[in-house]
Structure formats: C-alpha cells, structure tokens
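Note on naming: letters A, B, ... go to the chains in the order of the sequence lines (proteins, then strands), and numbering restarts at 1 for each one.
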There are 2 protein chains.
Amino acid sequence: MDSDGGPTASPLVSIQYSTAKTRIITTALELFSQHGIGGTSLQMIADEIGVTKAAVYHQFKTKDEIVVAAVEVELARLEPALDLAEADDQRPRALTLLLTQVIDLAVEHRRMVVTLQHDPVVVRLLAEHEPFQLFMGRLFHALTGGENSAEARVRAAMISMAIGGAVSHPLVAGLDDGTLRSQLLLLTWRFLDLPE
Amino acid sequence: MDSDGGPTASPLVSIQYSTAKTRIITTALELFSQHGIGGTSLQMIADEIGVTKAAVYHQFKTKDEIVVAAVEVELARLEPALDLAEADDQRPRALTLLLTQVIDLAVEHRRMVVTLQHDPVVVRLLAEHEPFQLFMGRLFHALTGGENSAEARVRAAMISMAIGGAVSHPLVAGLDDGTLRSQLLLLTWRFLDLPE
DNA sequence: GTCTATATGAAGATAGAC
DNA sequence: GTCTATCTTCATATAGAC
C-alpha cells in the first residue's frame, strides 16, 4: 500500500484513460463503495473484471494509484458546477447553483459518497495529493464565499457533511432519489437562509 | 475477521470489564481513531499495550468482538442523555437536552466520531448486532420526535451527520473545543428552529 | 493472564514468458 | 494486455506450556 514517494501528481481535469484502465477504475469504484477501500483488494478487482492481479498491476503500479484515479474521476464531476459558481459574481445565485449540483450528484452517487468523504485512505490521499488540496480549497472557498470566521467554517463543514452524510444514512435508505433530492434542497436552503 | 455466527449479543448498558479487557478496549479505541478499524491490526494493539497477540486473543476471541466492545463503550456515553430525553414529555426541551449532550460528546471525542459513524466495519456491526439496532432506533426516535415523514427522516439524518461529520472536518481542525461547541450549538439550533 | 511457537491464508508487489 | 509463478510481509487465529 505504501509507496516510497506517494502518488505522482496529476491534474484534476477529465483525463482520457485506456479502456483497460477505465475498466479497472470503474470496477474499483463499484467495489470501494461496497466494501470501503481497505476492504477492497486488488484480487477482488481482478476477479470482478476476470483477469489476474498481475494484469491490474500492469496498468497501475500501486493500489494508491488506483485510488487516486478513482477519486479523481468522481471529484471531477463537481468541476463544471464549481467553474460556474466561480464565474458568477452574484453570491447567492452562485452558491445556489453549486449546491443544487452537489445535491444532485450526491443523491445520484449515494453509495460512493461516504467512501469519498470519510475513508481513511482517501483522507490521507486528500492531504498528500496537491491537486486534491487545490480542488477542495476551491470548493470550500465557494461554499464560504471567502468568509473565514469560525461560523463560516463550521457552517461549511456542517452543510457538506450533512449533504454527503445524509444520502447514505439508513434513515433515508427507503426514500427514492426524487424525494431525497427535494428534501435535501429544502432543508439545505433553510439552513443557509437562501432564497428558495 | 469473519467469525461464523457473528458477535454474541450483549446489552448496551455500562458493563464492567476486567482490567485486562479495559486496557485492550481503551488502546483499541485510540488506535481505531488514528488508523481506522481496517488499518488497526491486533499486533498494533498488542504492541501498544506491551503484550503479545496471543494475550489479546485470550481476552477477545475475534477482532469483531473488540470492535463491538469498543463501539459499545462509546455509544454508552450517549445513554444517560437519551434516557433523560425519553423521560421528558416536553418535546422541544427534551430535544434540546439531547442535542446539547450529543454535541458536547462529539466535540470532546472528535477523532473517534468519524470512525463510529462511517467505518465500514462499524456500519456492518451496527446492522448485525441487535443491541446496536435498538439503541440507534431509540436515538432516532428521540431525534425525530416520533415523526416519520420524509422531511423528518432527512432532517434527522442531516443533523446527525452534520454534527458528527463537522467535528472532524479539516475546516474546523484549527478551532478550539469551546468555539467549535458554541458554533455547532448555534447552527444546530438554527437548523432545527429550536428556542435558543 | 501471559507466553512461545506455529498454522494458514491473503495481502501488495515483481519477474519474465506469451 | 494478459498470463503463470513467485516473493515478502502481515493478517487472523490456535495449541499448549508457564
């Protein structure tokens, strides 16, 4: 698991992978969301695809590299919404836009979100991998509107955890996507005092 | 890791453990919060205490049993507050009481909360271990006030994840306990429209 | 309650052939 | 791009002595 110098840097922009790499990433994401990252072995990924471990290692030198690529693919989904929010100079509207997208994506990818937000391996990679740092910085800047008070920080932390955490909570497991989305929008707007 | 029939049932009331067991549980909790459960081996626990793996196995037959005991110890901290909330027939006051305690405990045990709320192993045990199920049922009944609408469910999920998730969020890592606690109280009250 | 010693399996990772 | 074969390390777990 631990490589010497950590994963090599790569930008957080939609990269084109070979079909073999793409199959591994897709499979890995599926398994990560089911078993967590620590609970997913390269053997499991290989078995699911129907190849050997060695074939997987031919595409990615370490497990960390697979995790980075997988997290990158998922995070990249937020990028268009983030770009839009940053381009908008009217604060409430930009925030509304961003959160709508975030909630849509979170609901759509329910099972994945908990891994991305809380898995210890992802947390470590987020801390080590500079492109992730920059991206999270942009995201939270957009969320706080540049404010840096204790209240702004706690509010941003709460709202991102509330959305990301709620979608995979047992209490809402029975709700269909539409209901969950509209309730999340409603309650998020109320929490942030945004115009509805 | 996987035992045949799952961990044996045991009630969620403060149980007295032998000093040897207590030492293992305390050490395990510390290591779990640092490395996650999957990232903590019995060897690490044994080394930290200064005994051998076999000595640990003498106290707990499987790793799952250690995890159950550890989670039980942490969850049990919420029990007095939950008892009080259930005994109170005035809804807003009971909820206020419960949440104040929850926030206090979450802030005090910041690093532990993320593991308890999101580690895949804990999630599995919560689903398998009946005493946990009952306890979480009580907790969410108290949170929703018995209401069962989609809005009540999403609100309860959001608020528990917002509190539990925010305390270990990088954005608030620099805040001292007092500041974090008061901001969480403020924002939680506002979110739930409770009297301040 | 703690130890030594050991069984068994699976993990991450590599070498080299096809 | 995939394979077989192999290496190393470490995990959970057990047996039996002190």
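In the set D/dT12, C/dT2, C/dG12, C/dT2 carries the atom at the smallest distance from any side-chain atom of B/Arg23. Between C/dG1, D/dG1, C/dG12, one nucleotide has an atom nearer to the side chain of B/Gln59 than all others, and that is C/dG1.
Within residues 48-56 of chain A, the residues that place at least one heavy atom under 4.0 Å from DNA chain C are, in residue-number order, A/Lys53, A/Ala54.
Through direct or indirect side-chain contacts shorter than 4.5 Å among Ile, Leu, Val, Met, Phe, Trp and Tyr, B/Leu97 is connected to B/Leu84. Grouped with B/Met161 in a hydrophobic cluster is no other residue, since no side-chain heavy-atom contact under 4.5 Å to another Ile, Leu, Val, Met, Phe, Trp or Tyr is found.
Each of B/Arg153, B/Arg91, B/Arg155 was evaluated against B/Glu147; a single residue qualifies, B/Arg155, per the salt bridge (Lys or Arg N to Asp or Glu O under 4.0 Å) test.
Two residues, B/His58 and A/Thr40, neighbour DNA chain C, and the one matched to the more 5' nucleotide by heavy-atom proximity is B/His58.
Across the protein-nucleic acid pair, A/Phe60 atom CZ and D/dG1 atom P stand 11 Å apart, rounded to whole Å. Put simply, NE2 on B/His35 is 14 Å from P on D/dC10, counting in whole angstrom units. Rounding to whole angstrom units, CE of residue B/Met44 and P of D/dT9 are separated by 18 Å. Remark: C1' of C/dG12 and CD1 of A/Ile37 are 16 Å apart, rounded to the nearest angstrom. At whole-Å resolution of the value, NZ in A/Lys63 and C1' in C/dA13 are 13 Å apart. Atom pair A/Leu42:CG and C/dT14:P shows a separation of 11 Å (rounding to whole Å applied). Whole-Å rounding puts the A/Lys21 NZ to D/dG1 P distance at 8 Å. Between the OH atom of B/Tyr57 and the P atom of D/dA11 there is a distance of 10 Å, rounded to whole Å.
A donor-acceptor contact shorter than 3.5 Å links the side chain of A/Gln117 to the backbone of A/Ser160.
The side chain of B/Ser41 contributes an N or O atom lying less than 4.0 Å from OP1 or OP2 of D/dA11. Close to D/dC10, at under 4.0 Å from its OP1 or OP2, lies no side-chain N or O of B/Gln43.
Note on ring orientation: taking the six-membered ring where Trp is involved, the planes of B/Phe191 and A/Phe191 are perpendicular (angle over 60°, cut-offs 30° and 60°).
Between B/Asp193 and A/Arg190 no salt bridge is recorded (no basic side-chain N to carboxylate O distance below 4.0 Å).
Note that NZ of B/Lys21 and CD1 of B/Ile24 are 8.0 Å apart. Values are rounded to the nearest 0.5 Å.
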